[in-house]
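The structure appears right after this line, and notes come after that.
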Amino acid sequence: LYVSSPSLAINVAILREEFIFVNNWLREAGLMAEIDKSELIHFTWRRAPDRPPILLPSDQGQVTINPSDCIKWLGIYFDSKLSFRRNVCELAGKAENIAQGLHMLANTVRGLSQSLLRTVYSACVRSVMTYASPVWWTGMKTHANILTRVQNK
């Protein structure tokens, strides 16, 4: 669920109401929401915002969901400022591990040829580094520098 308003407290109240509505609809359909898998993040540009938790009703009573600094959704890390720094660092780390494995295949005596290495690089390393890039790429120089270091290896 996504809510936008001038106040985080109003957001939490609206989210609670919407969760109750969705949960009732799911029960009528014979389904159930997994409250344990629920996450909360407040997107705000304020430096030190008051980040209120949300209280959701469940079969065991009230469940408190505290806001996170960063959540992972569909393989993308979202932080409260939408800077995507953690996402870029995670992708760079994965790509660097793959590049190190690729380095072992590039043995000069009996390794793969340059054209095959380029193909494997494009298929494995570059695809990991650019996963969901239309979502997180903002053209920031710091992101480009992190990814360039991996490419240069």
Side-chain angles (χ1 to χ4, degrees), residues 1-12 14-16 18-19 21-23 25-26 29 31-54 56 58 63-153:
L1 298 173
Y2 169 80
V3 175
S4 177
S5 73
S7 166
L8 296 179
I10 294 172
N11 281 353
V12 168
I14 295 170
L15 280 171
R16 179 174 163 60
E18 293 298 319
F19 175 81
F21 175 78
V22 169
N23 201 28
W25 181 82
L26 287 172
L31 301 170
M32 197 167 97
E34 288 285 337
I35 296 179
D36 297 339
K37 295 181 180 179
S38 298
E39 294 179 305
L40 174 65
I41 188 167
H42 297 292
F43 296 109
T44 180
W45 291 105
R46 296 181 194 149
R47 288 198 182 261
D50 179 31
R51 301 177 339 160
I54 187 169
L56 298 178
S58 72
V63 175
T64 302
I65 299 177
N66 294 313
S68 302
D69 291 330
C70 187
I71 61 170
K72 184 179 179 181
W73 188 56
L74 296 176
I76 303 170
Y77 289 90
F78 292 89
D79 62 353
S80 60
K81 307 281 187 215
L82 290 177
S83 68
F84 296 104
R85 178 163 176 80
R86 178 167 178 198
N87 188 64
V88 172
C89 291
E90 292 284 334
L91 291 177
K94 287 179 187 177
E96 189 171 353
N97 288 339
I98 294 169
Q100 288 173 351
L102 185 61
H103 181 70
M104 288 188 287
L105 292 175
N107 185 349
T108 56
V109 177
R110 293 187 179 188
L112 295 174
S113 66
Q114 286 292 359
S115 62
L116 287 176
L117 282 172
R118 190 176 307 114
T119 303
V120 172
Y121 171 82
S122 294
C124 298
V125 178
R126 189 179 299 152
S127 64
V128 167
M129 283 195 314
T130 59
Y131 174 75
S133 60
V135 174
W136 57 264
W137 180 253
T138 58
M140 289 179 61
K141 197 72 165 168
T142 56
H143 293 172
N145 291 341
I146 293 169
L147 296 175
T148 301
R149 268 187 260 135
V150 175
Q151 282 189 334
N152 290 340
K153 291 186 177 188

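The figures that follow rest on heavy atoms only: side chains count, while hydrogens, waters and symmetry mates do not.
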With distance as the sole test, does N87 use its side chain to make a donor-acceptor pair with the main-chain N or O of I76 at under 3.5 Å?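 Answer holds: no.
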For the [atom1] atom of [X] and the [atom2] atom of [Y], what is their distance to the nearest 0.5 Å?
{"X": "M129", "Y": "Y121", "atom1": "CE", "atom2": "OH", "answer": "4.0 Å"}
{"X": "R126", "Y": "R118", "atom1": "CZ", "atom2": "CZ", "answer": "10.0 Å"}
{"X": "L102", "Y": "N97", "atom1": "CG", "atom2": "CG", "answer": "12.5 Å"}
{"X": "F84", "Y": "S133", "atom1": "CZ", "atom2": "OG", "answer": "11.5 Å"}
{"X": "K81", "Y": "D69", "atom1": "NZ", "atom2": "CG", "answer": "9.5 Å"}
{"X": "I98", "Y": "C124", "atom1": "CD1", "atom2": "SG", "answer": "6.0 Å"}

Is there a side-chain contact between [X] and [Y] in this structure, where contact means two heavy atoms from C-beta onward sitting under 4.5 Å apart?
{"X": "I14", "Y": "L1", "answer": "no"}
{"X": "T44", "Y": "R51", "answer": "no"}
{"X": "P53", "Y": "P67", "answer": "yes"}
{"X": "L8", "Y": "D50", "answer": "no"}
{"X": "T130", "Y": "W137", "answer": "no"}

Option passing side chain to side chain contact (heavy atoms under 4.5 Å, CB included) with L15 (candidates I65, I54, I10, L56):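 Exactly one option meets the side chain to side chain contact (heavy atoms under 4.5 Å, CB included) with L15, and it is I54.
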Looking only at non-hydrogen atoms, find the nearest pair between [X] and [Y] and report the distance.
{"X": "P52", "Y": "H42", "answer": "O-NE2, 3.0 Å"}
{"X": "I41", "Y": "F78", "answer": "CD1-O, 3.5 Å"}
{"X": "A92", "Y": "V150", "answer": "O-CG2, 3.6 Å"}
{"X": "V128", "Y": "A95", "answer": "CG1-N, 3.9 Å"}
{"X": "V63", "Y": "S58", "answer": "CG2-OG, 3.2 Å"}
{"X": "G75", "Y": "Y131", "answer": "O-CE2, 4.0 Å"}

If you count the non-hydrogen atoms of other residues, nucleotides and ligands that lie under 6.0 Å from CZ in F43, is the total more than 12?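 Atom CZ in F43 is crowded, with more than 12 foreign heavy atoms closer than 6.0 Å.
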In this structure, are over 12 heavy atoms from other groups packed under 6.0 Å from Q114 atom CD?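 At most 12 heavy atoms, drawn from other residues, nucleotides or ligands, come within 6.0 Å of this atom.
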Non-neighbouring partners of S115 that pass side chain to side chain donor-acceptor pair (under 3.5 Å), sequence neighbours left out: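 S115 satisfies side chain to side chain donor-acceptor pair (under 3.5 Å) with S113 only.
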Non-neighbouring partners of V88 that pass side-chain contact (heavy atoms from CB on, under 4.5 Å), sequence neighbours left out: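 In terms of side-chain contact (heavy atoms from CB on, under 4.5 Å), with neighbours along the sequence ignored, V88 is linked to W136, H143, I146, L147.
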Partners passing side-chain contact (heavy atoms from CB on, under 4.5 Å) against S83 (at least two apart in sequence or in another chain):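 D79, R85.
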Do E90 and K94 meet the salt-bridge criterion of a basic N to acidic O distance under 4.0 Å?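 Judged by the 4.0 Å cut-off on N to carboxylate O distance, K94 and E90 do not form a salt bridge.
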